[in-house]
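Below, read A as the first sequence line, B as the second, and so on, with proteins coming before strands; counting in each chain starts at 1. Fair warning: this is a prediction, and the values are worked out from it, not measured in the lab.
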Number of protein chains: 2
Amino acid sequence: MTSTDPGPLRPTRQRRAVAEALASFADFRSAQEIHDLLRQRGEKVGLATVYRTLQKLADAGEVDMLRSEDGEAVYRRCSESHHHHLVCRHCGATVEVEGPAVERWTRSMAAEHGYADVSHTLEIFGSCPACS
Amino acid sequence: MTSTDPGPLRPTRQRRAVAEALASFADFRSAQEIHDLLRQRGEKVGLATVYRTLQKLADAGEVDMLRSEDGEAVYRRCSESHHHHLVCRHCGATVEVEGPAVERWTRSMAAEHGYADVSHTLEIFGSCPACS
DNA sequence: GGGCGATTGAGAATCATTGTCAAATGCCTC
DNA sequence: GAGGCATTTGACAATGATTCTCAATCGCCC
Ligand SMILES: [Zn+2]
Ligand SMILES: [Zn+2]
Ligand SMILES: [Zn+2]
Ligand SMILES: [Zn+2]
């Protein structure tokens with residue numbers, strides 16, 4: 001090991017608040033939206049702290065982060081296993097989808113061309129039944 | 001038709017310059033990098049114009065745009081047919097990849113959940129052989 | 001050459017995100 | 001239960017990509 005283990009996050013009021021907020025909605029939301037939500041609930045948490053917390057949670061794999069069609073980072077508490085998303089571009093309604101074949105395909109493409117250390121992003125955008 | 005056809009883009013010195021720049025490299029580059037490239041070549045083109053031109057080309061499907069891992073929009077002249085990318089996260093080396101099965105899969109996922117008007121993004125990031 | 005809508009460019013304006021740094025807070029030890 | 005100390009926070013400044021503004025230019029057609 002070359003680096004010191006950062007250890008688990010220290011539990012603070014702010015981090016708890018963000019975690020609770022994340023548990024309270026099912027669509028993808030931006031840091032600013034989550035900050036607003038906290039404010040409405042009467043929780044005082046600095047915007048910078050919301051950004052920092054979301055980033056750490058994303059690094060730890062506890063939330064999923066993706067970029068909306070206009071490039072903003074948005075976050076959502078998801079299931080543990082690797083999956084992708086079907087996102088309504090109007091209301092944000094999200095469905096988690098899994099595709100083992102897709103996973104295999106990305107790996108084989110990377111291998112075929114000698115790429116190492118591979119990651120991938122795959123999102124599907126559309127209009128959900130309610131918004132169509 | 002509900003809207004007036006905007007018609008083809010008027011050919012200007014600036015747009016030609018951007019098109020030539022795009023033809024001169026094979027990796028994905030940001031608007032700013034393309035602007036720098038133009039400047040080095042002695043072409044005077046405003047940064048805003050580079051942004052506008054790239055956007056129009058992307059809308060017209062003449063270039064591909066994707067977001068690098070840190071969220072910046074990057075552009076590349078690609079082949080006509082629908083495809084995805086295997087991108088080196090260090091040097092930008094890019095391989096176009098096609099996967100009919102993936103296309104079918106995204107369509108069927110969307111259909112299964114009643115999503116209409118579907119689009120998808122799929123990119124693979126890794127370290128190319130030269131950078132590994 | 002003139003008319004006119006499309007295009008350009010320099011700079012200001014936006015806006016998400018990150019950096020700064022002093023003050024506040026968990027946690028551990030005594 | 002106080003003290004020491006590294007972590008965390010928050011108000012605010014700073015950054016950086018992208019977009020907007022609008023007068024000056026340009027391409028196209030007569
Ligand atoms: Zn997810
Ligand atoms: Zn996957
Ligand atoms: Zn492409
Ligand atoms: Zn490389």
Side-chain angles (χ1 to χ4, degrees), chain A residues 3-22 27-60 62-76 92, chain B residues 3-22 27-60 62-76 92:
Chain A
S3 59
T4 57
D5 183 344
L9 298 188
R10 191 179 281 184
T12 65
R13 172 181 64 77
Q14 291 87 338
R15 299 221 247 246
R16 259 189 304 278
V18 171
E20 279 169 33
L22 282 164
D27 49 341
F28 277 91
R29 304 216 182 159
S30 69
Q32 314 235 25
E33 288 171 332
I34 293 170
H35 179 244
D36 288 346
L37 180 59
L38 288 170
R39 173 165 286 195
Q40 284 168 23
R41 295 185 169 199
E43 296 280 358
K44 284 202 224 310
V45 182
L47 178 57
T49 299
V50 174
Y51 271 101
R52 284 184 291 233
T53 303
L54 288 171
Q55 240 144 21
K56 289 210 173 111
L57 289 174
D59 286 349
E62 300 199 30
V63 299
D64 278 7
M65 185 266 262
L66 62 84
R67 300 210 168 255
S68 67
E69 283 188 327
D70 58 346
E72 261 185 293
V74 289
Y75 302 83
R76 176 182 193 262
Chain B
S3 58
T4 57
D5 182 344
L9 297 188
R10 191 179 281 183
T12 65
R13 172 181 65 78
Q14 291 86 338
R15 299 221 246 246
R16 259 189 304 278
V18 171
E20 281 170 32
L22 283 165
D27 48 340
F28 277 92
R29 304 215 182 163
S30 71
Q32 314 234 25
E33 288 170 332
I34 294 171
H35 180 243
D36 287 348
L37 180 59
L38 287 170
R39 174 165 283 194
Q40 284 169 23
R41 295 185 168 200
E43 296 280 356
K44 282 202 225 308
V45 182
L47 179 57
T49 299
V50 174
Y51 272 103
R52 283 184 293 235
T53 302
L54 288 172
Q55 236 142 24
K56 289 208 172 114
L57 289 174
D59 287 349
E62 301 199 30
V63 299
D64 278 6
M65 184 266 262
L66 63 84
R67 301 210 167 255
S68 67
E69 284 188 327
D70 58 345
E72 263 186 292
V74 288
Y75 303 84
R76 176 183 193 262

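Contacts between residues 33-52 of chain B and DNA chain D, defined by a heavy-atom separation under 4.0 Å, are made by B:Ala48, B:Tyr51, B:Arg52.
Here the straight-line distance linking atom NZ of A:Lys44 with atom CG of A:Leu38 works out to 12.0 Å at 0.5 Å rounding. A distance of 11.5 Å separates OG1 of B:Thr53 from CD of B:Glu62, quoted to the nearest 0.5 Å. The CG atom of A:Leu57 sits 11.5 Å away from atom CG of A:Asp64, with the distance rounded to the nearest 0.5 Å. Rounding to the nearest 0.5 Å gives a distance of 5.0 Å between CZ of B:Arg15 and NZ of B:Lys56. Here CG of A:Leu54 is found 14.5 Å from CZ of A:Arg76. Values are rounded to the nearest 0.5 Å.
Nearest to the side-chain atoms of A:Pro11 among the listed nucleotides D:dG27, C:dC27, C:dT7 stands C:dC27. Listed nucleotides C:dG9, D:dT18, C:dT18 differ in distance to B:Arg13; the shortest reach to its side chain belongs to C:dG9.
The minimum heavy-atom distance linking B:Leu47 with B:His35 is given by the pair N-NE2, 3.6 Å.
Between B:Gln55 and D:dT19 there is a side-chain N or O to OP1 or OP2 distance below 4.0 Å. A sub-4.0 Å separation between OP1 or OP2 of D:dT8 and a side-chain N or O of A:Gln14 is absent. Listed pair B:Thr12 / C:dT8 meets the phosphate criterion, a side-chain N or O lying under 4.0 Å from OP1 or OP2.
For residues 28-40 of chain B, the pairs satisfying salt bridge (charged side-chain N to carboxylate O under 4.0 Å, His left out) are B:Asp27-B:Arg29, with sequence neighbours left out.
A:Gln55 is not listed as a side-chain neighbour of A:Met65, based on a closest heavy-atom distance of 4.5 Å or more.
Across the protein-nucleic acid pair, B:Arg67 atom CZ and C:dT17 atom P stand 11 Å apart, rounded to whole Å. The CZ atom of B:Arg16 sits 13 Å away from the P atom of D:dC26 (whole-angstrom rounding). The CD atom of A:Glu72 sits 13 Å away from the P atom of D:dT19 (whole-angstrom rounding).
Nearer to the 5' terminus of DNA chain D, by closest-nucleotide assignment, is the contact made by A:Lys56 (compared with the other of B:Ala31 and A:Lys56).
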Worked check of side-chain contact (heavy atoms from CB on, under 4.5 Å) between B:Tyr51 and B:Gln32: CA-CA 8 Å; B:Tyr51 272 103; B:Gln32 314 234 25; 3.4 Å; yes
What protein N or O atoms touch nucleotides 4-6 of chain C N or O atoms at under 3.5 angstrom, if any, and at what distances?
residue	atom	partner	partner atom	Å
C:dG5	N2	B:Arg10	NH1	2.6
C:dA6	O4'	B:Arg10	NH2	3.1

